[in-house]
Amino acid sequence: MDKAAMYDLSYGLYVLTAKEGDKDNGCIINTAVQVTTTPNRITIAINKQNYTHDMILRTGLFNVSMISEKAVFPLFERFGFQSGKDVDKFDGFQCPASENGIKYVPEGVSSYISCKVVSQMDLGTHTLFLADVTDGVKLSKDAPMTYAYYHKNIKPKPVQPSKPGGYRCKICGYIYEGEPLPEDFICPICKHGAIDFEKIV
Ligand code: FE
């Protein structure tokens, strides 16, 4: 199995937001796919480690803001590199709410949609949610950002390690200086696992 074959699957990037009581939260996902047009339904797969996951499990409601090519790296740091368990991700970041009361990201996105969960499947590390799209608003004509665009243009260029060897997180650039990289290693910055690290040569 050549793992590089998997890199040719194309993805978009999205801010997934939910609300539970007074708590607003959101995270970055790359797994939103329209699966049927009639009815208009999407699936999202979300890692159980995300606090947003638990909120959606309990409330059955979420918004998906489609990140555009105008988005800047701090948007990914805000929603992707910290946990809603520890911080208020909307602190100092004004976001309006849509009709369902859930916030959406108004800048650096091309559209947002509102969704209601129809069913879910336990995938082990993730939960797959199937959801009805209940509303959608076009916010700009900017092109939606693909995962490939993010890696090429948005992600900070890798820093050189202080000594030879080690592993670099392909998501955020964090460097693990050591050998070997533990199989259960979790990136301290972006929380992705060892599978998303590459050996520095
Ligand atoms: Fe990382």
Side-chain angles (χ1 to χ4, degrees), residues 1-18 24-33 44-56 62 64-93 105 107-109 123-128 144-201:
M1 166 78 197
D2 183 352
K3 272 195 250 170
M6 299 304 289
Y7 303 156
D8 288 340
L9 286 169
S10 182
Y11 300 93
L13 280 166
Y14 314 97
V15 180
L16 175 69
T17 47
D24 289 288
N25 198 35
C27 64
I28 306 273
I29 60 167
N30 65 344
T31 50
V33 178
I44 57 165
I46 174 169
N47 194 304
K48 292 176 181 174
Q49 305 263 346
N50 284 304
Y51 189 53
T52 310
H53 169 274
D54 297 1
M55 293 170 73
I56 294 171
F62 61 87
V64 178
S65 299
M66 282 69 156
I67 296 173
S68 79
E69 291 182 356
K70 288 277 165 65
V72 291
F73 188 63
L75 180 73
F76 295 92
E77 291 181 299
R78 173 178 291 277
F79 286 104
F81 296 176
Q82 51 185 357
S83 173
K85 291 181 187 120
D86 312 320
V87 298
D88 174 6
K89 294 191 183 182
F90 291 94
D91 187 28
F93 189 63
V105 178
E107 276 178 45
V109 305
L123 303 181
T125 56
H126 291 61
T127 298
L128 184 79
M145 186 184 293
T146 63
Y147 204 40
Y149 185 96
Y150 169 82
H151 278 283
K152 193 165 175 224
N153 302 293
I154 304 293
K155 188 175 72 168
K157 296 292 172 263
V159 275
Q160 285 309 309
S162 55
K163 53 186 178 184
Y167 295 81
R168 179 186 294 119
C169 176
K170 290 187 285 186
I171 308 300
C172 74
Y174 174 82
I175 287 172
Y176 177 84
E177 293 184 347
E179 190 71 48
L181 178 71
E183 266 179 40
D184 59 352
F185 189 74
I186 303 285
C187 176
I189 307 292
C190 71
K191 313 297 183 214
H192 280 244
I195 195 166
D196 287 316
F197 278 71
E198 61 189 356
K199 193 162 174 53
I200 300 167
V201 286

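One-based numbering, in listed order, for ligands and for the atoms of each. Both backbone and side-chain heavy atoms feed into the values below; hydrogens, waters and symmetry mates do not.
Panel note: side chain Lys89, backbone Gly80; no donor-acceptor pair is recorded below 3.5 Å.
With respect to Glu179 and Lys199, a salt bridge is recorded, a charged nitrogen being found less than 4.0 Å from a carboxylate O.
For a distance threshold of 2.8 Å, the protein N, O or S atoms nearer than that to the Fe ion (ligand 1), listed by chain and number, are Cys169 SG, Cys172 SG, Cys187 SG, Cys190 SG.
Side-chain rings of Phe73 and Phe81 approach one another, their centers coming within less than 6.0 Å. For an aromatic pair to be called close, the ring centres must be under 6.0 Å apart, and Tyr176 with Phe197 fails this.
Aromatic ring orientation, Phe79 versus Phe90: perpendicular (interplanar angle above 60°, classes split at 30° and 60°).
You'll find the side chain of Leu13 reaches within 4.5 Å of the side chain of Tyr147, heavy atoms only.
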